[in-house]
Each structure stands twice: as structure tokens, then as C-alpha cells.
K.L.:
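Before anything else, here's the structure in question.
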Amino acid sequence: AGQGIINILEVVESDFAENLAKENTEESDAQAEYEKTTQENKVAKTLKEQDVKYKTQEIKALGKTLSELSADRESAETEHAAVMEYYDKIKERCIAKPETYEERKARREAEIAGLKEALSI
């Protein structure tokens with residue numbers, strides 16, 4: 001009976017040894033995976049922090065550009081309005097307006113009267 005108990009204890013010991021080795025391997029693998037994931041997270045965090053830094057700089061630069069372009073647009077609109085106002089003023093003097101029938105008739109009659117007077121002299 002003592003030999004049977006020793007055999008059972010040896011089987012239990014070998015099972016515990018196998019399970020211990022398996023658990024140690026799994027724990028080592030899990031630790032390595034944890035460290036790998038931690039390192040990847042550190043790298044990702046650093047990259048994202050740099051992205052935030054550069055995007056913030058880009059936002060500031062774009063804001064400055066936007067304000068400059070807005071000022072340029074306002075000055076261009078002001079200049080355009082002044083040019084259009086001047087154009088409206090000179091357009092009246094430069095564009096020939098057709099005479100009405102009454103104006104042409106009156107001018108012709110005055111011309112004919114002047115010619116008749118010149119002929120009679």
C-alpha cells in the first residue's frame with residue numbers, strides 16, 4: 001500500500017511540475033505581451049502628442065493666414081466699391097444716349113431754319 005501511495009504522489013508531483021512549467025511559460029508569454037503592448041502604447045502616445053503639437057502649430061498658422069486673407073478681402077471689397085462708384089459716375093458721361101424722336105425733330109427743324117435764314121441772306 002505504501003508503494004501505491006508513493007506512485008500516486010509521484011504522478012501528482014509530475015502533474016504539478018507540468019502545470020507549474022505550463023503556468024510559468026504562460027505567465028512569461030503574458031508578461032512579454034504586456035511589455036510589448038506597453039511599449040507600443042508609449043510609442044503611439046508619443047506620436048499622438050507630436051501630432052497634437054504640430055496640428056496646434058498648423059491651426060495657429062492657418063488662423064494667421066485667415067486673418068490676413070480676411071483683411072485683404074475687406075480692402076479688395078472697399079477698393080471694388082470705390083471703383084464701381086467711380087465707374088457709375090463716368091459711365092453717364094461716356095456712354096452715348098440715343099436721342100428721342102422729339103429731340104431729333106427739334107434739332108432738324110432748328111438746322112433747317114438756320115439754313116433757310118442763311119439762304120435768304
Side-chain angles (χ1 to χ4, degrees):
Q3 188 63 32
I5 293 175
I6 291 176
N7 285 339
I8 291 174
L9 288 176
E10 287 175 352
V11 170
V12 169
E13 180 188 11
S14 71
D15 287 346
F16 278 136
E18 283 179 31
N19 286 337
L20 180 62
K22 190 196 290 182
E23 288 296 324
N24 285 339
T25 305
E26 288 176 3
E27 188 173 342
S28 296
D29 291 345
Q31 181 67 27
E33 183 65 29
Y34 171 78
E35 289 173 1
K36 178 182 171 190
T37 304
T38 302
Q39 184 62 29
E40 288 173 356
N41 288 342
K42 285 180 184 177
V43 170
K45 181 181 176 187
T46 303
L47 288 174
K48 289 178 182 177
E49 287 172 348
Q50 289 298 316
D51 281 349
V52 167
K53 179 181 173 185
Y54 292 129
K55 299 259 188 231
T56 304
Q57 289 175 351
E58 186 178 359
I59 287 171
K60 288 179 184 176
L62 289 175
K64 182 179 178 185
T65 302
L66 177 65
S67 63
E68 290 172 356
L69 291 176
S70 295
D72 289 348
R73 179 176 176 230
E74 289 175 10
S75 64
E77 286 176 349
T78 304
E79 186 176 341
H80 179 260
V83 167
M84 291 307 293
E85 183 180 332
Y86 179 73
Y87 173 73
D88 287 340
K89 287 180 184 177
I90 64 169
K91 181 171 68 170
E92 295 175 11
R93 290 188 280 165
C94 294
I95 296 176
K97 297 175 188 154
E99 291 180 311
T100 62
Y101 173 75
E102 289 80 17
E103 291 172 345
R104 284 188 310 224
K105 183 178 177 185
R107 188 173 43 87
R108 282 191 193 127
E109 287 176 357
E111 189 178 341
I112 289 173
L115 289 174
K116 283 184 181 178
E117 186 180 324
L119 186 61
S120 65
I121 294 182

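In this text, all values refer to a predicted model and were calculated from it rather than measured experimentally. Atoms considered below: every heavy atom in the structure, side chains included; atoms not considered: hydrogens, waters and symmetry mates.
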K.L.:
If hydrophobic residues (ILVMFWY) are linked whenever their side-chain heavy atoms come closer than 4.5 Å, directly or via other members, who joins Leu69 in its cluster?
P.N.:
none
K.L.:
Can you pull out every salt bridge (Lys or Arg N to Asp or Glu O under 4.0 Å) where at least one residue sits in residues 104-117? Sequence neighbours excluded, please.
P.N.:
Glu99-Arg107
K.L.:
Only pairs under 3.5 Å count here: list side-chain donor-acceptor contacts from residues 81-89, not counting sequence neighbours, and write none if there are none.
P.N.:
none

K.L.:
So, using side chain to side chain contact (heavy atoms under 4.5 Å, CB included) as the criterion, who are the partners of Val12 when residues are at least two apart?
P.N.:
Ile8, Phe16
K.L.:
Going by the rule side chain to side chain contact (heavy atoms under 4.5 Å, CB included), which residues pair with Thr100 if we only count those two or more places apart in sequence or in a different chain?
P.N.:
Glu102, Glu103
K.L.:
As an exercise, state the distance from CD of Gln50 to OG1 of Thr46, rounded to the nearest 0.5 Å.
P.N.:
7.5 Å
K.L.:
Should side-chain heavy atoms under 4.5 Å link Ile, Leu, Val, Met, Phe, Trp and Tyr, which residues sit in the same cluster as Leu47?
P.N.:
Val43
K.L.:
List the atom of Val11, the atom of Ser14, and the distance in Å for their closest heavy-atom pair.
P.N.:
O-OG, 2.8 Å
K.L.:
Is it the case that atom CD in Glu26 sees more than 12 heavy atoms from other parts of the structure closer than 6.0 Å?
P.N.:
yes
K.L.:
Going by the salt bridge (Lys or Arg N to Asp or Glu O under 4.0 Å) test, which pairs reach into residues 10-25, not counting sequence neighbours?
P.N.:
none
K.L.:
Taking all non-hydrogen atoms of both residues into account, name the closest pair between Val52 and Thr56 and its distance.
P.N.:
O-OG1, 2.6 Å
K.L.:
For residues 31-39, run the donor-acceptor check on the side chains, cut-off 3.5 Å, and write out each pair with its distance to 0.1 Å, sequence neighbours left out.
P.N.:
unit_1 : atom_1 : unit_2 : atom_2 : d
Gln31  : NE2    : Glu35  : OE2    : 2.9
Thr37  : OG1    : Glu33  : O      : 2.8
Thr38  : OG1    : Tyr34  : O      : 2.7

K.L.:
Other hydrophobic cluster members with Leu9, side-chain heavy atoms of Ile/Leu/Val/Met/Phe/Trp/Tyr under 4.5 Å, chained?
P.N.:
Ile5
K.L.:
Which residue pairs satisfy the salt bridge (Lys or Arg N to Asp or Glu O under 4.0 Å) criterion with at least one member in residues 53-73, sequence neighbours excluded?
P.N.:
Arg73-Glu77
